[in-house]
There are 2 protein chains.
Amino acid sequence: MPKMPANKTPKDGGDTDEKIRARNIREILKAATEIFSRKGFDGARIAEIAEASGLPKANVYYYFSSKEEIYRAVIEHLIEGWDDAFAHISGDREPQDAIRSYVAAKLAYTRRNVIESRLFANEIIRGAQFLSRKDRQHMRTVTDEKVKVIEDWIAAGKLLPVDPRHLFIMLWSATQFYADFEPLACDALHTTKLKSMDYSHAAATISETVLRGLLPAGQI
Amino acid sequence: MPKMPANKTPKDGGDTDEKIRARNIREILKAATEIFSRKGFDGARIAEIAEASGLPKANVYYYFSSKEEIYRAVIEHLIEGWDDAFAHISGDREPQDAIRSYVAAKLAYTRRNVIESRLFANEIIRGAQFLSRKDRQHMRTVTDEKVKVIEDWIAAGKLLPVDPRHLFIMLWSATQFYADFEPLACDALHTTKLKSMDYSHAAATISETVLRGLLPAGQI
DNA sequence: TCAAAAGCTGACCAAAGTGTCAACTTATTA
DNA sequence: TAATAAGTTGACACTTTGGTCAGCTTTTGA
């Protein structure tokens, strides 16, 4: 009977040859994601992360030099899900089709990745301090690109005039809500630009959009 | 020259006769709200709260017996803002008027009370552990009441059919977004009921609403 | 004016938590 | 198979922080 490595459970199945380093780091990040999501940065204890990943605390420090480094690694990993849903907003498609897919994709992702989504949103709320300049720039770029798509739709008469950024906020925040209360997923939009946003404009955008959507034709 | 009490600054102006106890508790809660909002429950240190309120730490413990008690007091205080915006959703009004006022009121409150709003949302996200059963029940009751208003509007043909709860989520989450990124304020909706919500229904509600709102008449 | 109540506070603990380390075991490779 | 690298770990050092306390000062009210 061949001896199995201590922290290698049978259910691991195929990847028996996975390098020790890769496997341990993966386990640590998985545990860390879960715990940071539930407790936040300050609330999370590395002893708990260690226990959850099946390693002694000192071993966690063998791979990561600090709690912040673990957190940063976790956050970095989350950006990947960012582009996917946004990809649905494409100039090639018709608006109703694109927006429906976007919302559906977002909610589906949210549903499957509750933990990550919630953690990501939390990081955004805390000011995205641990997101690299590069990642923030990336998100801003992608957003700008999609804003352009909406603007083109409007120019082509396929959509009634609407501020694309406020529209994205509506879509993002509404879908994110479901992550915060049940599963998890999402993206961040531009933190910086919001500072200069006009609140009455935001109010008008949201309420008018909703009203145009819900009132019987002609009443508005 | 009359000696002024140590922790009584001149700018306090009129309320010179305010009772010591009331004033100190107010200062502590004010500082605590700010710090809990920025750092979360675990991240907040009572030494920092003490410093921010101009009192030595031991003095804070003279009024509150634990960190949790302070937090609880802060949260309790926030519920008050809950009903106000929702009051706009009234059966006496026309839907477009009511919803416009609701969104505007919400954003205005949000703008003025960034800190509290963010803190409240954070507490909700963390599962509203520190909200009393009574407060949660209250919020649920108010929500149910407003759901009824929307349903009546729909029955009267004043609104196209829509799930009122999802509509509220759209409105709440969108307005809340602005609190999380700039100022602060809000409400919570029913955490419990969300568990049984159908995600594809949510997706449909959101995307269809937005589409009906934005597509030129007749295209949908 | 004086005693009791209320308020104040520096100093101090004990618990918890981050991060370190030296010695040990297991894997790799020539 | 032997030497080197990689991985493991219990124990510990050090810091932070929630919370306590005994004794002090100020306020209150009769």
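Per chain, numbering begins at 1; letters A, B, ... match sequence-line order. These numbers come from the heavy atoms of this one structure, side chains and all, not from hydrogens, waters or symmetry mates.
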Can you tell me how far [atom2] of [N] sits from [atom1] of [X], to the nearest Å?
| X | N | atom1 | atom2 | result |
| --- | --- | --- | --- | --- |
| A:Arg23 | C:dA27 | CZ | C1' | 12 Å |
| B:Tyr62 | D:dC24 | OH | C1' | 13 Å |
| A:Ile49 | C:dG19 | CD1 | P | 11 Å |
| A:Ile46 | C:dT20 | CD1 | P | 10 Å |
| A:Phe41 | C:dT18 | CZ | P | 9 Å |
| B:Lys19 | D:dG29 | NZ | C1' | 13 Å |
| B:Lys67 | D:dT16 | NZ | P | 15 Å |
| B:Phe64 | C:dC8 | CZ | P | 13 Å |

Does a side-chain N or O of [X] approach OP1 or OP2 of [N] to a distance below 4.0 Å, or not?
| X | N | result |
| --- | --- | --- |
| A:Asn24 | D:dA6 | no |
| B:Tyr61 | C:dC8 | no |
| A:Arg21 | D:dG7 | yes |

Have B:Asn24 and B:Tyr63 got a donor and an acceptor in their side chains that come within less than 3.5 Å?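 Result is yes, a qualifying pair exists.
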
Using modelled atom types and a 3.5 Å cut-off, is there a donor and acceptor pairing between side-chain atoms of B:Lys30 and backbone atoms of B:Ala52?
no

Does a salt bridge link A:Arg72 with A:Glu76, judged by any charged N lying under 4.0 Å from a carboxylate O?
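Between A:Glu76 and A:Arg72 there is no salt bridge, as every charged N stays at least 4.0 Å from the carboxylate O atoms.
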
### Query
Where is the tightest heavy-atom contact between B:Tyr62 and B:Arg21, given as atom of each residue plus distance?
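Answer, listing the atom of B:Tyr62 first, then B:Arg21: CE2-NH1, 4.4 Å.
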
* Asked: Any chance CD of B:Glu51 has more than 12 other-residue heavy atoms, nucleotides or ligands included, within less than 6.0 Å?
  ->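 Atom CD in B:Glu51 is not packed in, count stays at 12 or less.
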
**Asked** Relative to the ring of A:Phe86, is the ring of A:Phe168 parallel (under 30°), tilted (30 to 60°) or perpendicular (over 60°)?
**Response**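 Ring orientation of A:Phe168 relative to A:Phe86: perpendicular.
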
For this session: Give one of base, sugar-phosphate or nothing for B:Ala44, where a contact means two heavy atoms less than 4.0 Å apart.
Result: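 Here B:Ala44 touches the backbone only, sparing every base.
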
The residue, B:Glu68 or A:Tyr63, whose nearest nucleotide of DNA chain D is more 5′ is A:Tyr63

Check nucleotides 10-12 of chain C against the protein and report each pair of N or O atoms closer than 3.5 Å, with its distance, or say if there are none.
none

Flag the pair B:Lys67 / B:Ile70 as yes when at least one side-chain heavy-atom distance between them is below 4.5 Å, and no otherwise.
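Counting from C-beta outward, B:Lys67 and B:Ile70 never come under 4.5 Å.
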
